[in-house]
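Working notes, structure below.
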Amino acid sequence: FRRVLFRSGGLFFPQSKSLGLDRGEYSVALLDKIVYAGVSSSSYEQASTTLKKLAEVQVSAKQVERVCKRIGQERVAERNAEVSAYEQLPLVDRKQLPAGVKAPEVAVAGCDGGRLQIRDRCGGQVEAEEAEDACAASGRSSKHWREDKIGLLMTMARGLSQSRPDRKST
């Protein structure tokens with residue numbers, strides 16, 4: 001089973017550009033495969049080889065490059081148009097909740113930090129002083145202590161607890 005790529009035969013429809021129709025020779029599904037191969041591969045030549053082997057279509061490396069650049073420019077233009085439309089909104093509209101999202105009654109942000117001791121990768125089981133010397137000789141620094149930073153975002157709801165710890169039951 002081989003897929004056959006049909007070319008349009010040079011037909012020209014004057015209104016296709018103004019209607020936003022793709023005047024290329026590839027279907028939307030094949031364009032998707034070309035772009036995926038083009039951006040996933042290390043080169044356009046590699047993408048061409050991949051398409052020939054996996055999708056069983058012959059697309060030159062130059063054509064893969066052209067399609068990827070064209071589709072990429074279209075995506076950038078779409079993004080820029082959306083950013084521009086967003087920036088034109090009043091501040092109140094920009095900062096509204098997305099549709100279908102309910103704001104929590106209470107939002108809490110917590111943060112903490114501390115220090116932790118790690119194993120020396122330079123010296124392994126060697127004594128600390130010997131590890132320092134070994135790391136210094138190799139040009140690497142040895143730090144046994146690292147700082148960690150932790151953040152936590154939570155939502156909470158107001159309400160009375162069924163059990164109150166400040167009251168003893170009798």
Side-chain angles (χ1 to χ4, degrees), residues 1-116 118-122 138-141 143 146-159:
F1 172 69
R2 284 191 77 94
R3 294 183 183 171
V4 179
L5 177 63
F6 293 102
R7 297 187 180 258
S8 63
L11 295 176
F12 174 70
F13 299 102
Q15 296 298 318
S16 62
K17 186 173 183 180
S18 64
L19 294 172
L21 300 175
D22 183 14
R23 295 181 294 173
E25 57 193 45
Y26 304 117
S27 69
V28 174
L30 187 54
L31 282 173
D32 182 47
K33 290 177 183 178
I34 292 171
V35 170
Y36 183 81
V39 300
S40 299
S41 301
S42 59
S43 68
Y44 295 121
E45 189 64 44
Q46 179 66 37
S48 177
T49 304
T50 301
L51 287 165
K52 185 175 182 180
K53 181 73 174 173
L54 298 178
E56 298 179 345
V57 292
Q58 181 69 39
V59 181
S60 70
K62 190 63 178 175
Q63 189 63 24
V64 171
E65 179 181 359
R66 287 183 187 128
V67 168
C68 287
K69 287 184 177 182
R70 181 176 58 88
I71 299 293
Q73 289 171 349
E74 289 174 7
R75 297 297 177 260
V76 168
E78 287 175 5
R79 182 206 58 204
N80 290 344
E82 288 179 12
V83 167
S84 178
Y86 177 78
E87 288 175 344
Q88 297 300 320
L89 291 173
L91 184 60
V92 174
D93 292 337
R94 277 193 254 166
K95 300 303 178 186
Q96 283 185 344
L97 286 172
V101 176
K102 183 182 177 224
E105 290 185 38
V106 179
V108 179
C111 60
D112 194 7
R115 299 193 59 79
L116 65 139
I118 62 166
R119 194 185 99 187
D120 187 1
R121 294 183 184 176
C122 296
S138 66
R140 295 183 287 179
S141 64
K143 295 183 180 178
R146 295 285 183 350
E147 185 177 352
D148 68 336
K149 296 178 182 163
I150 301 167
L152 177 64
L153 299 175
M154 299 178 288
T155 59
M156 296 185 170
R158 279 188 268 172

### Task
May I ask you to test the Leu30-Ile34 pair for a side-chain heavy-atom distance under 4.5 Å?
yes

Would you list the atom pairs, donor with acceptor, under 3.5 Å between side chains in residues 38-48 and any protein atom, with sequence neighbours excluded?
| unit_1 | atom_1 | unit_2 | atom_2 | d |
| --- | --- | --- | --- | --- |
| Ser40 | OG | Tyr36 | O | 2.8 |
| Ser41 | OG | Ala37 | O | 2.7 |
| Ser43 | OG | Gln46 | N | 3.0 |
| Ser48 | OG | Val59 | O | 2.5 |

### Query
Which residue, Gln58, Gln63, Glu56, Lys33, forms the side-chain contact (heavy atoms from CB on, under 4.5 Å) with Leu51?
Lys33

### Message
Can you tell me how far apart CG (Leu116) and CD (Glu147) are? Round to the nearest 0.5 Å.
### Response
9.5 Å

### Query
How close do Lys102 and Leu97 get, heavy atom to heavy atom, and via which atoms?
C-CD1, 4.2 Å

### Query
Heavy-atom count around Asp148 CG within 6.0 Å, excluding the residue itself: above 12?
yes

### Message
Applying side chain to side chain contact (heavy atoms under 4.5 Å, CB included), can you list everything that pairs with Glu74, at least two apart in sequence or on another chain?
### Response
Arg70, Ile71

### Task
Test Arg75 against Arg79 for side chain to side chain contact (heavy atoms under 4.5 Å, CB included), laying out the working first.
CA-CA 6 Å; Arg75 297 297 177 260; Arg79 182 206 58 204; over 6 Å; no

